[in-house]
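Worksheet for the structure shown next.
Chain letters run A, B, ... following the sequence lines, proteins first and then strands; every chain starts at 1. Worth saying up front: this structure is predicted, and the values here are computed from it rather than measured.
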2 protein chains.
Amino acid sequence: MASMPTVTDVALAAGVSRQTVSNVMNSPGIVRADTRERVEAAIAQLGYRPHASARRLRTRRSSTIGIRLDPMIDGISGSVLDRFLHALTEQADKQGLRVLLFTATSPEDEIIQLQRLNDGADVDGFVLTSTFAGDPRTKWLIENKIAFVTFGRPWGTDDVSDPQHLWVDVDGWAGLHEATRAAQNAGARRIGYIGWPSSADTGDDRRRGWHDAMHERGDVTEADLTKLEVVTVDGVAEGTAAMQDLRRRAGPLDAVLCASDSLALGAMIANPERVPVTGYDNTPVAAAIGLSSVDQSVGEVAAGVLDLLTGEFGGQIHGAPESLQPRYQMIRPRLVTRAFAAIPMEVLA
Amino acid sequence: MASMPTVTDVALAAGVSRQTVSNVMNSPGIVRADTRERVEAAIAQLGYRPHASARRLRTRRSSTIGIRLDPMIDGISGSVLDRFLHALTEQADKQGLRVLLFTATSPEDEIIQLQRLNDGADVDGFVLTSTFAGDPRTKWLIENKIAFVTFGRPWGTDDVSDPQHLWVDVDGWAGLHEATRAAQNAGARRIGYIGWPSSADTGDDRRRGWHDAMHERGDVTEADLTKLEVVTVDGVAEGTAAMQDLRRRAGPLDAVLCASDSLALGAMIANPERVPVTGYDNTPVAAAIGLSSVDQSVGEVAAGVLDLLTGEFGGQIHGAPESLQPRYQMIRPRLVTRAFAAIPMEVLA
DNA sequence: AGAAATTATTTGATCGATCAAATAAAGTCA
DNA sequence: TGACTTTATTTGATCGATCAAATAATTTCT
């Protein structure tokens, strides 16, 4: 038993043919019960494991999905993608799928990598993250009819109700809408917002969540609403500066919502009155510090991605046009409420 | 051109045999220059890509390494392994290696997964992280003669100079020794240490780095040294509590070193005098907050791991006993110095 | 130049599984 | 029972590459 047993060995041991062994593994339904049991016993007894590469060569599918690992990002929020990766790997495992990583230095380089993995039959499809408007990767993948799903809606160019590719995204609007509502229900009226410059689609989406919720309640004038908003690039120091700015401009605040945990952490530092601050992404830092935060539910996103990738479409839109299966999934984030538990601010004063 | 071209197509186009095409790719040296060029031209022209699974089936090697992705850890320091994964993927890519992820719910389950991937010829070897004393995984891998390298030295059982398996680790002692020295050189005398209970080997290692450096300098009495140390489990709140404790017990401090960034972040919160605090792991949080921290140099670790895995040993010790190649690598971490830049503490007072 | 040694290239077999088509066995109905 | 379906199982070919051994081309040496 120098090497692993093969189907032939199992077939011999069970007194059946190779194909029957194969059938027991792939379409157990068509094998008579007693035969199946005999084969299964032989498999167990010999410790047989199918040779993945051999199977792939023949079936032309790898049961593997590729995902790019972003280069190290110095920033708290990078961990969202890491958590997504965790979730994806776990969920994929349950479906017998493997996750293969790769790196790329630019979108163009990434396309080369996509091609390599696809041509080498290494993967059945891809999961794309960090998509952006006019993303060349999605265009290329569609043109080459390669199965893929994006984590992130197709910003800009696309009509949400008839997307050109499959996607899953988190509803940032809903997240901030809910966070705003929660603050309002807790009695807050003057709720500030620290967001990103409107070049980022994601940022606009979140901002509208807050803005709409404030409008709906209507207990703040339009002029005040403008004062309650500060725009800055992401970062802890930027958050601190923005918070100081906000307090100066808007006067007393009942609560502050931020577009990211980085900003929220920064804001909290310039927050002697302990105004409740809510971040976004529910990063480990938020948990550690005791910040409320909007959680992207990466688990649900991962499940949705795999759903679309393995589901009816097989990761592609073209070729299954009549289906009623949804072509995208908008995941509702959930608000995690915390109360600065970890921060005994008294020691600071 | 419905499907991808194969070696045969290339051979036909270049007017040579299959094997010559194969040689051009795998042992270019034995092919005459002009023939090689002709084949390379054909490859480029047809856009030929070798079929990975077919190659694997024949060669019985996959050019893929497996690594387990830990279940989501709620903690700041989890990101070290994520960063290691980034680095590993990048380095592996340079050597034409792929990284395949898997998950497991327990060490026992992990062994099952290891077996599956190995038997299916999915991977050539493994990288193990988070090893611990008496780890059943390493035992099993050695017994089954499967190539692997651990990130983490074999704690306890093993003799470092003659290890039973290949490993790479970061010298926590050196990290804290250097951090202590740096503080001393900056004029600090009373340098506190917030560490973990001594059940954790890693923690003891770091603690000794501080302790030894303090001893060497000798400007603090042994009695004082005891007062300068606080032990607690990991966590931000715990760090805050430990810092308060430390200030109470040890009186005035010149600097504080911590066994983790979580503790350091916590400590910083109970630090109105702005005593320099140094953490460990150089997590994004440390960067964001402006904490000094000991960086584990995951890039070097990744390079070392791949070195051992693909090097002379081929990931195994048995079978290459005479080699002078080192069987392990101890990576020196590097101290990243920051100055609370992101934290304008004035706003707190 | 011609034999021997070296280098370059080709041929047939093979890795381990599944597909497609053929055969055997079991079940159905007049 | 015998012809006719339906279900179960087997056989031969194949996926795309590389290995091992055979052949062809080239170089070396006397």
Tell me whether the OP1 or OP2 atom of D/dT10 has a side-chain N or O from A/Ser17 closer than 4.0 Å. yes
In whole angstroms, the gap separating C1' of C/dC15 from CZ of B/Arg60 amounts to 6 Å
Looking across every strand, which nucleic acid part, if any, lies under 4.0 Å from A/Thr35 by heavy atom: base, sugar-phosphate, or nothing? sugar-phosphate
Test A/Asp122 against B/Arg56 for salt bridge (Lys or Arg N to Asp or Glu O under 4.0 Å), laying out the working first. CA-CA 11 Å; A/Asp122 269 310; B/Arg56 280 177 209 156; 2.7 Å; yes
At 4.0 Å (heavy atoms only), tell me whether B/Thr8 reaches a base, stays on the sugar-phosphate, or touches nothing. nothing
Specify the separation, in whole Å, of atom OH of A/Tyr48 and atom C1' of C/dG16. 7 Å
With heavy atoms under 4.0 Å as the rule, sort B/Val21 into base, sugar-phosphate or nothing. nothing
Whole-Å distance between D/dG16 P and B/Met25 CE? 15 Å
Quickly work out the B/Leu57 CG to C/dG16 P distance and round it to whole Å. 7 Å
Among the nucleotides C/dT10, D/dT18, D/dG16, which one has an atom lying closest to any side-chain atom of B/Asn26? D/dT18
With a 3.5 Å cut-off and just heavy-atom distances, do the side chain of A/Arg18 and the base of D/dG12 make a donor-acceptor pair? yes
Between D/dT6 (C1') and A/Arg32 (CZ): distance, integer Å: 14 Å
CG (A/Leu100) and CD1 (A/Ile65) are apart, to the nearest 0.5 Å, by 10.0 Å
Just call it for A/Thr59: base, sugar-phosphate, or nothing, with non-hydrogen atoms closer than 4.0 Å on any strand. sugar-phosphate
Tell me: CG of A/Asp34 to C1' of D/dT7, nearest whole Å? 13 Å
Taking only N and O in the side chain of A/Ser22, is any of them less than 4.0 Å away from OP1 or OP2 of C/dA17? no
Rounded distance (Å) that lies between atom P of D/dT7 and atom CG of A/Asn23: 15 Å
Kindly say if A/Thr20 contacts the phosphate of D/dT10, meaning a side-chain N or O under 4.0 Å from OP1 or OP2. yes
For the OH atom of A/Tyr328 and the CG atom of A/Asp169, what is their distance to the nearest 0.5 Å? 11.5 Å
Using only heavy-atom distances, determine whether the side chains of B/Thr131 and B/Asp135 contain a donor-acceptor pair under 3.5 Å. no
Protein-nucleotide distance (A/Arg36, atom CZ; D/dT9, atom C1'), rounded to Å: 14 Å
Given the structure, check if the side chain of A/Arg58 and the base of D/dT14 hold any donor-acceptor pair shorter than 3.5 Å. yes
Should A/Lys94 and A/Glu90 count as an ion pair when the cut-off is N to O under 4.0 Å? no
